[in-house]
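Quick caveat: nothing in here was measured; it's all calculated off a predicted structure. Just the heavy atoms: all of them, side chains too, but no hydrogens, waters or symmetry mates, feed the values below.
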Amino acid sequence: MSTGFSAQGWSRIPFIDGPLCDGCGTPFEYDLGAGVRCADCMAKPRAFTRGRAACLYDDASRGVILQLKHADRTDLAPMLARWISRSARDLLEDADAIAPVPLHPGRLLGRRYNQAAEIARPLSRLSGVAYLPDALVRVRATETQGGKSGSGRRRNVAAAFAVPLGRVGQVAGRRILLIDDVMTTGATLEGCARALLAAGATCVDVAVVARVKEAANRSI
């Protein structure tokens, strides 16, 4: 199936190729040096160590992401995995395993697939990094994050994720790269990172297809 992108459409995708915050992946206007973090990350360190995004989430990129997420276009996942393989190359080099952000079983039943897992699986094949499809579970059904403030998003996913006892051995002592489609405030990724760290992960990094540059101005 075609991605539906024209040459002009591809040229409009706002890929993040320049300097960025090492903590959350937001692009900088100027190169401030390796390992530099944005004001938000310095003011309030996140549960995950580093974050990367392939592109910004905007009118040009959201179509392909929503096709995967809501329109059964799982054929797009390998392409999005390739995007992440480039943007998160340094994180993949350090990772011991890749894990997707999980869906609650009720939502998975309705959607029939987890878009984060659909991206993480081919990313594992591309990179050679081990894939842990069920290292994390969502133990509490949550409301959609769309339209919520940053604090509202954090409350919504508080204690929503866990590492099953039978999977602790896969996580403990390892550096985990957590995969999702979009980062807005990072609340969901932080909830997952806390659960992985509580199970003994030595470090959790995150990589997404797209990140929202200004969370207050965009809903997903």
Side-chain angles (χ1 to χ4, degrees), residues 1-17 25-26 51-88 98-127 131-138 140-148 152-153 156-157 160-161 177-189 191-192 206-220:
M1 297 177 76
S2 168
T3 62
F5 276 130
S6 64
Q8 184 179 16
W10 277 107
S11 69
R12 291 173 54 232
I13 298 292
F15 289 107
I16 299 174
D17 295 322
T26 193
R52 298 289 184 270
C55 64
L56 291 176
Y57 188 82
D58 68 357
D59 291 339
S61 63
R62 71 179 299 184
V64 66
I65 294 168
L66 294 183
Q67 284 183 63
L68 169 64
K69 193 167 187 173
H70 298 300
D72 295 335
R73 290 295 306 275
T74 55
D75 59 295
L76 296 172
M79 178 188 71
L80 301 180
R82 288 193 295 273
W83 291 8
I84 290 178
S85 72
R86 292 192 295 269
S87 62
I98 291 169
V101 169
L103 288 179
H104 186 268
R107 187 164 293 175
L108 182 60
L109 184 64
R111 189 174 293 172
R112 302 189 307 282
Y113 61 90
N114 175 2
Q115 73 276 2
E118 294 298 315
I119 297 167
R121 192 183 308 112
L123 181 62
S124 171
R125 290 195 296 265
L126 279 169
S127 63
Y131 176 47
L132 305 180
D134 50 4
L136 272 173
V137 294
R138 195 180 291 241
R140 181 172 61 79
T142 57
E143 299 175 1
T144 178
Q145 294 280 64
K148 287 183 167 57
R153 285 170 177 259
N156 189 42
V157 297
F161 304 98
L177 179 60
L178 190 61
I179 303 298
D180 206 0
D181 54 350
V182 178
M183 181 195 301
T184 304
T185 64
T188 296
L189 292 159
C192 290
V206 303
V208 298
V209 177
R211 64 157 294 117
V212 175
K213 190 170 185 180
E214 297 180 11
N217 296 334
R218 183 80 59 177
S219 61
I220 298 170

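Put simply, OG1 on Thr185 and CZ on Arg211 are 9.5 Å apart, with the number rounded to the nearest 0.5 Å. Here the CD1-CG distance, from Ile98 to Leu132, works out to 9.0 Å after rounding to the nearest 0.5 Å. Between the CD1 atom in Ile65 and the CD atom in Gln115 there is a gap of 10.5 Å [rounded to 0.5 Å]. Rounded to the nearest 0.5 angstrom, Tyr113 OH and Leu68 CG are separated by 5.5 Å.
Remark: Asp134 engages Arg167 in a salt bridge (charged side-chain N to carboxylate O under 4.0 Å, His left out) (not counting sequence neighbours). With sequence neighbours left out, Ala88 forms a side chain to side chain contact (heavy atoms under 4.5 Å, CB included) with Arg52, Ile84, Leu91, Ala207. Listed by chain and residue number, Ile119, Pro122, Leu123, Leu126 satisfy the side chain to side chain contact (heavy atoms under 4.5 Å, CB included) test with Ala81 (two or more places apart in sequence, or in another chain). For Arg86, there are no side chain to side chain donor-acceptor pair (under 3.5 Å) partners, not counting sequence neighbours. For Asp17, the side chain to side chain contact (heavy atoms under 4.5 Å, CB included) criterion is met by Phe15, not counting sequence neighbours. Residues that satisfy the side chain to side chain contact (heavy atoms under 4.5 Å, CB included) test with Pro133, not counting sequence neighbours, are Tyr131.
Taking all atoms of both residues into account, the shortest heavy-atom contact from Ala54 to Trp83 is CB-CB, 3.7 Å. Closest approach of Ile16 to Gly25, counting heavy atoms only: CD1-O, 3.9 Å. In this structure, Pro14 and Ala60 approach most closely via the heavy-atom pair CD-CB, 4.3 Å.
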Run Arg73 and Val64 through side-chain contact (heavy atoms from CB on, under 4.5 Å) and show every step you take. CA-CA 9 Å; Arg73 290 295 306 275; Val64 66; over 6 Å; no

Salt bridge (charged side-chain N to carboxylate O under 4.0 Å, His left out) for Asp72 and Arg112? Distances and angles first, verdict last. CA-CA 9 Å; Asp72 295 335; Arg112 302 189 307 282; 2.7 Å; yes

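Distance alone, capped at 3.5 Å, is enough to place a donor-acceptor pair between the Asp58 side chain and the Ser61 backbone. A distance-only check finds no donor-acceptor pair linking the side chain of Asp181 to the backbone of Val209 [under 3.5 Å].
Counting only residues at least two apart or on different chains, the salt bridge (charged side-chain N to carboxylate O under 4.0 Å, His left out) pairs with a member in residues 113-122 are Glu118-Arg121.
In this structure, Tyr57 and Val208 have side chains that are not in contact, with every pair of non-hydrogen atoms separated by 4.5 Å or more. Counting heavy atoms from C-beta outward, Val212 and Val182 have side chains that approach closer than 4.5 Å. Proximity of Cys55 to Ser87: side-chain heavy atoms (C-beta onward) are nowhere separated by under 4.5 Å. Residues Val206 and Asp180 have side chains not in contact (no heavy-atom distance under 4.5 Å, counting atoms from C-beta outward).
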